[in-house]
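Taking it in order: structure first as structure tokens, then the write-up.
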Amino acid sequence: MSERILVAVAWPYANGSIHLGQVAGAYLPADIFARYHRLKGNDVLMVSGSDAHGTPVTLSAEKQGVSPEQVFGRYQAEFLDNWERLGIGFDLFTTTHTDNHTQVAQDMFLTLYKKGHIYKDTMSQPYCETDRRFLADRYVEGDCPHCGFESARGDQCDNCGRTLDPQDLINMVCKLCGNAPIIQETEHFFLRLSAFEDQLLEWVRKQDHWRSNVKNFSIGYLEGGLHDRAITRDIEWGVPVPLEGYESKRIYVWFEAVIGYLSASKEFGQLNDNEDRWSDFWQSDSRSYYFMGKDNIPFHTVIWPAMLLGYGGLNLPYDVPANEFLNLEGLQFSTSRNWAIWLPDYLDKYEPDPLRYVLSANMPETSDSDFTWKEYVRSNNDELVATYGNLVHRILTMVSRNFDGKVPEAGTLDSVDNDLLDHARRSFDETEAGIEACHFRAALQSAMGLAREANRYLERQAPWQTVRTDRQRAASTLWVGLAVVNCLKTILSPYLPFSSEKLHAMLGFDGSIEEHGWVWDRDELSPGQPLGTPEPLFTKLDESLVEEEAEKMAG
RNA sequence: GGCAACGUAGCUCAGUGGCAGAGCGGGCGCUUCAUAAGCGCUAGGUCACAGGUUCGAACCCUGUCGUUGCCA
């Protein structure tokens, strides 16, 4: 029975490249999950897009002396290229700067407003008399009232990490002109989050399939009490407030960006000449999974659900498998300190599958994890190449040399043969259950365990010897070996789509793995089926790479 | 400061009441079909620290220290 699965992935700010932390935290797990469900034959919609609005984009634009459109346009193009090269298969990766998104976001705003979930009030904001504009949190800086750090931002101090209100800053200055802003009252719209507290708490408490840290954190967040939050700002870049008299105000980015999941779903339908397509994933018996880093949890377990409840008639998140953070060589990824591995840089030099493998094997599912170049090389050489790639290669070359490159016909199977085939069945089921539950690391371990077991099997059956003494026995062994490789091809394909596709062809199949589906049958390879020319699936990397990359990062 | 997590082998990490685990790395040996890949054996741990509950604690409770995220 086909299921409907919405794979919703956090929207990256379009003011800088994607780094490996974001890949490990959100994009890769989402893609593995989506690929698996597509193989299962389920109806999958995977969406995300560039967060084109928000102050990081305008700040970058002003720094570079270009328009915000140019900034987000450049990164939107880069993101699309990166997804293609890394094999992140979005059904639609759009942006928040589309007419469609504006319309959907304004509809959400108006509906909530009419239903009384949004109300007007006034608040105090820094106003720069020189630039004649209100200043967003990140447009002011000053001394941190807690630690005295001299260039704390309006929303947070980068030194002591505390969150701030602009009014807290000592010696506050406008980042644009350097003059001191004044504090001025301004009218804004507020989301009545407090009204949803009980309903959300009841809902979150029922989510027993959520990761415990996600659930506990959300419950704690709700029990601490929800405060109504301002959802508009006095800025020019963003979605206009759709009410007369408020033309100078924009919907604030944290409220508007999450609506992207819905607007992207609608845009997907329009692009495919099926206007109502979005409702399959939002109003019917569909499950939605939201992938993101841990810093984004409350937006997806509390605020977005509150908006959906207020709007009415739309599905709440089914699961929010948020990941912890990936560190780099023991330190946090930091854009400002340029401590990062940027995805476009990686893709210019290396293959996609090894990265997908290393990040999956080390995915920060339950706690922060660490990426090091040393581990990257080790993992590629000792696991991908030595365990899996070599297994495939030794079996294929033996068949190629001794059985005319055709699937040999098995004779009677012995208990060792059957044990391995049983193991393959178990690994297939375990990998399936693991991915289904968003336990990507464990599922990958199960698959790799099968590759190790197959190497042990070969050692025991030694077909390179029996081929000279008992040709039928060697044929049976290699037939079993091929059947297991065929299994590995499928269960590893969500993780290693490029090499699995290559292997699929080498095993003599036509078409793609996606057409083939998430199935494994030991008898799938028919005797006599001609195999392709065996080629290594992965390449060993030289240790010198570790030092080269270390030097690059130090510089 | 409040809340939620995390701290386990050289490294990266599993393990939530019942004999401390895996992968990789180290050491020794075997093998040679395969990308010098593979297989077996082996060494290696005060489960952050200190208390408590229990017949029994890495696991439950309290406190301390360290790390992370969110919030004020």
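Below, read A as the first sequence line, B as the second, and so on, with proteins coming before strands; counting in each chain starts at 1. Computed from heavy atoms alone, side chains included, the values below leave out hydrogens, waters and symmetry copies.
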Shortest non-hydrogen contact from A:Tyr13 toward A:His53
CE2-O, 3.8 Å
Using a heavy-atom cut-off of under 4.0 Å over every strand shown, decide if A:Phe538 touches base, sugar-phosphate, or nothing.
base
Thinking salt bridges, do A:Glu524 and A:Lys489 make one under a 4.0 Å N-O criterion?
no
Inter-nucleotide C1' distance (B:G69, B:A34), Å rounded:
47 Å
Contact under 4.0 Å: A:Gln465 side-chain N or O vs B:U31 OP1/OP2:
no
Of the options B:U68, B:G40, B:U31, whose atoms approach the side-chain atoms of A:Arg456 most closely?
B:G40
Going by atom types only, do A:Asn402 and A:Arg468 share a side-chain donor-acceptor pair under 3.5 Å?
no
Can you check the A:Asn381 CG to B:G23 C1' distance for me, whole Å?
15 Å
Give me the distance, rounded to whole Å, that separates B:C55 from B:A5 when you measure between the P atoms they each carry.
28 Å
Are A:Tyr350 and A:Trp373, when compared by the centres of their aromatic rings, separated by less than 6.0 Å?
yes
Contact class for A:Gln332 (heavy atom, under 4.0 Å): base, sugar-phosphate, or nothing?
sugar-phosphate
With rounding to the closest Å, how many angstrom separate the C1' atoms on B:C65 and B:A50?
11 Å
Which value, in whole Å, describes the distance between the P atoms of nucleotides B:A43 and B:G10?
15 Å
N/O (side chain, A:Arg460) to phosphate O (OP1/OP2, B:U31) under 4.0 Å:
no
On a whole-Å scale, what distance lies between the P atoms belonging to B:A37 and B:U8?
30 Å
Provide the Watson-Crick or G-U wobble partner of B:C60, both distances under 3.5 Å; none if there is no partner.
B:G52
B:U12 pairs with, by Watson-Crick or G-U criteria that keep both distances under 3.5 Å
B:A22
Base, sugar-phosphate, or nothing for A:Asp370, non-hydrogen atoms under 4.0 angstrom?
sugar-phosphate
To the nearest angstrom, the CD-C1' distance between A:Gln461 and B:A34 comes to 17 Å
In this structure, how many angstroms lie between the C1' atom of B:C13 and the CG atom of A:Asp368, rounded?
13 Å
Pairing nucleotide - B:U67, Watson-Crick or G-U, each distance under 3.5 Å:
B:A5
Output a table of donor-acceptor pairs, distance under 3.5 Å, between side-chain atoms of residues 386-397 of chain A and any protein atom two or more places apart or on a different chain; print 'none' if there are none.
| from | atom 1 | to | atom 2 | distance (Å) |
| --- | --- | --- | --- | --- |
| A:Thr387 | OG1 | A:Asp382 | O | 3.2 |
| A:Arg394 | NH1 | A:Asn455 | OD1 | 2.8 |
| A:Thr397 | OG1 | A:His393 | O | 2.8 |
| A:Thr397 | OG1 | A:Arg394 | O | 3.2 |

Just how far, in rounded Å, is C1' of B:C71 from CD1 of A:Ile303?
11 Å
note: A:Arg229, atom CZ; B:A72, atom C1'; distance rounded to Å ~ 12 Å
I want to confirm an ordering. Mapping A:His393 and A:Val214 to their closest nucleotides on RNA chain B, which one lands closer to the 5' end?
A:Val214
Look at the side chain of A:Asn213 and the base of B:A5, then say whether one donor and one acceptor between them are separated by less than 3.5 Å.
no
I want to know whether A:His300 and A:Tyr261 have ring centres closer than 6.0 Å.
yes
Quick one: A:Leu226 CG to B:A72 C1', roughly how many Å, whole number?
14 Å
Base, sugar-phosphate, or nothing: which does A:Pro463 touch, judged by heavy atoms less than 4.0 Å apart?
nothing
Exactly one candidate in A:Leu20, A:Thr335, A:Leu347 meets side chain to side chain contact (heavy atoms under 4.5 Å, CB included) with A:Trp342; the answer is A:Thr335
From C-beta outward on A:Arg441, which listed nucleotide comes closest to its side chain: B:C13, B:C70, B:C39?
B:C13
Considering only heavy side-chain atoms of A:Asn362, the closest of B:U68, B:U35, B:C13 is B:C13
Check every strand shown and say whether A:Ser369 touches a base, only sugar-phosphate, or nothing at a heavy-atom separation below 4.0 Å.
sugar-phosphate
Measuring only the P atom in each nucleotide, how far is B:A9 from B:G2? A whole number of Å is fine.
30 Å
P atom, B:C61 versus B:U54: distance in rounded Å?
16 Å
A:Asp208 bridged to A:Lys215 by N-O distance under 4.0 Å:
yes
Per nearest nucleotide of RNA chain B, the residue lying toward the 5' end, A:Met363 or A:Lys540, is A:Met363
Give a yes/no answer on whether the side chain of A:Asn216 brings an N or O atom under 4.0 Å of OP1 or OP2 in B:A5.
yes
Can you measure A:Leu391 atom CG to B:G38 atom P for me and round it to whole angstrom units?
11 Å
Among the nucleotides B:C70, B:A37, B:C33, which one has an atom lying closest to any side-chain atom of A:Asn390?
B:A37
Does A:Arg394 place a side-chain N or O at less than 4.0 Å from the phosphate oxygens OP1/OP2 of B:G38?
no
To the nearest Å, give me how far apart NE2 (A:His300) and C1' (B:A4) are.
18 Å
Check every strand shown and say whether A:Glu383 touches a base, only sugar-phosphate, or nothing at a heavy-atom separation below 4.0 Å.
sugar-phosphate
Could you please name the option among B:U32, B:C24, B:U68 that lies closest to any side-chain atom of A:Trp464?
B:U32
Counting the atoms with a prime plus P, OP1 and OP2 as sugar-phosphate, which does A:Leu331 contact under 4.0 Å by heavy atoms, base, sugar-phosphate, or nothing?
nothing
If you check every side-chain atom of A:Arg378, which of B:C24, B:A4, B:U32 has the closest atom?
B:C24
Partner of B:U35 by Watson-Crick or G-U wobble geometry, both contacts under 3.5 Å, or none?
none
Distance between the P atoms of B:C59 and B:G17, in whole angstroms?
11 Å
